[in-house]
Engineer: 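Sharing a structure with you now.
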Amino acid sequence: MPSSSGRSGDARPGRRNRRRRSRLRTVDETSAGGLVIDSAGVHAAIIGRLDRRRRLLWSLPKGHIEPGETPEETAQREVAEETGIIAKVAQPIGVIDYWFVADNRRVHKTVHHFLLDAVGGALSDEDVEVTEVAWVPLGELDEVLAYADERRLVRHAVALLGSATGTADPGAGTE
């Protein structure tokens, strides 16, 4: 019986028909942003961006930390740039880290998230990277946000808000 080549139909034993993969350069990126709560404590400002398939994906505002900025300063700046809302950091709510490939690079992204209180400004989608912005009731964020890690962070933040105010769900029953 002839020996197996390891692949059916391969004329050269021991050789696999592999696609050559170019090595991607790995880079680390750090961003900051967060959950912006309105003055009534019942709505959050979120942003919508179109993905490659032209689907609108809702997420928390965030962006790259500039040289000399703290994550808290970046969160406040990015919220203002992407939503038009002026907000102040109340407390950290967590860090998300993930990997993706873009521009022939393998990117390890770390995003610092904060709970922010809206103190001024007006909702605006002037940022070219943002397609839409909206105030969404806290209780609806779990259904609206596109990314599981952000939904998990929001549930944690809402629980923190509830324990701080003595209520179970600060967004319940809002329109």
Engineer: Can you measure from CD (Q91) to CG (L35) and round to the nearest 0.5 angstrom?
Structural biologist: 10.5 Å
Engineer: Applying salt bridge (charged side-chain N to carboxylate O under 4.0 Å, His left out) as the test, list every pair that has at least one member in residues 82-96; sequence neighbours left out.
Structural biologist: R49-E82
Engineer: Given L145 and V154, is the side-chain contact (heavy atoms from CB on, under 4.5 Å) satisfied, shown in steps?
Structural biologist: CA-CA 9 Å; L145 291 173; V154 165; 3.6 Å; yes
Engineer: Kindly give the heavy-atom pair with the smallest separation between T74 and G63, and that separation in Å.
Structural biologist: CG2-O, 3.5 Å
Engineer: Using a 4.5 Å cut-off between side-chain heavy atoms of Ile, Leu, Val, Met, Phe, Trp and Tyr, which other residues end up in the same hydrophobic cluster as F114?
Structural biologist: V36, I47, V79, I85, V89, L116, L123, V130, V133, W135
Engineer: By the salt bridge (charged side-chain N to carboxylate O under 4.0 Å, His left out) test, which pairs, at least two apart or in different chains, include something from residues 144-159?
Structural biologist: K62-E150, D142-R155, D149-R152
Engineer: Kindly indicate, with the supporting measurements, whether the criterion side-chain contact (heavy atoms from CB on, under 4.5 Å) is fulfilled by L160 and I93.
Structural biologist: CA-CA 9 Å; L160 289 174; I93 57 172; 4.1 Å; yes
Engineer: Quick one: which residue pairs count as a salt bridge (charged side-chain N to carboxylate O under 4.0 Å, His left out) with a foot in residues 93-107, not counting sequence neighbours?
Structural biologist: E29-R105
Engineer: Measure the shortest side-chain to side-chain distance between I46 and L60 over non-hydrogen atoms and say whether it is less than 4.5 angstrom.
Structural biologist: yes
Engineer: Taking side chain to side chain donor-acceptor pair (under 3.5 Å) as the definition, give me every residue that meets it alongside D127, ordered by chain and number, with sequence neighbours left out.
Structural biologist: none
Engineer: Take R77 and E73 through the salt bridge (charged side-chain N to carboxylate O under 4.0 Å, His left out) test and state the conclusion after the steps.
Structural biologist: CA-CA 6 Å; R77 177 181 54 77; E73 290 167 337; over 6 Å; no
Engineer: Only counting residues at least two apart or in another chain, list the ones meeting ring pair (Phe, Tyr, Trp, His ring centres under 6.0 Å) with H64.
Structural biologist: none
Engineer: Show me the pairs that pass side-chain hydrogen bond (donor to acceptor under 3.5 Å, both in side chains) and involve residues 111-125, at least two apart or across chains.
Structural biologist: none
Engineer: Tell me, please, which residues at least two apart from R52 pass side chain to side chain donor-acceptor pair (under 3.5 Å).
Structural biologist: none
Engineer: Are V144 and L115 joined in one hydrophobic group, where the rule is that I, L, V, M, F, W and Y side chains link up if heavy atoms are under 4.5 Å apart?
Structural biologist: yes
Engineer: Would you please name every residue forming a salt bridge (Lys or Arg N to Asp or Glu O under 4.0 Å) with E132, sequence neighbours left out?
Structural biologist: none
Engineer: If the condition is salt bridge (Lys or Arg N to Asp or Glu O under 4.0 Å), which residues does R53 pass it with, not counting sequence neighbours?
Structural biologist: none
Engineer: If I compare all heavy atoms of P71 with all of A32, which pair ends up nearest, and what's the gap?
Structural biologist: O-CB, 3.2 Å
Engineer: Within the structure provided, determine whether L138 and V42 are in side-chain contact (heavy-atom separation under 4.5 Å).
Structural biologist: no
Engineer: Any side-chain heavy-atom pair from V158 and L141 closer than 4.5 angstrom?
Structural biologist: no
Engineer: Once side chain to side chain donor-acceptor pair (under 3.5 Å) is applied, do any residues pair with S59, and if so which ones, sequence neighbours excluded?
Structural biologist: none
Engineer: Taking all heavy atoms of G48 and all of L56, pick out the closest pair and write down the distance.
Structural biologist: C-CD1, 3.5 Å
Engineer: Tell me who clusters with L57, hydrophobic residues only, linked when side chains sit under 4.5 Å apart either directly or through other members.
Structural biologist: Y147
Engineer: Is there side-chain contact between I96 and L153, with at least one heavy-atom pair below 4.5 Å?
Structural biologist: yes
Engineer: Please test T26 against W99 for side-chain contact (heavy atoms from CB on, under 4.5 Å), starting from the C-alpha separation and ending with a verdict.
Structural biologist: CA-CA 10 Å; T26 300; W99 293 86; 3.6 Å; yes
Engineer: Rounded to the nearest 0.5 Å, what's the gap from CD on E143 to CD on E140? Could you check?
Structural biologist: 6.0 Å
Engineer: Are side-chain heavy atoms of P137 and H43 found at a separation under 4.5 Å?
Structural biologist: yes
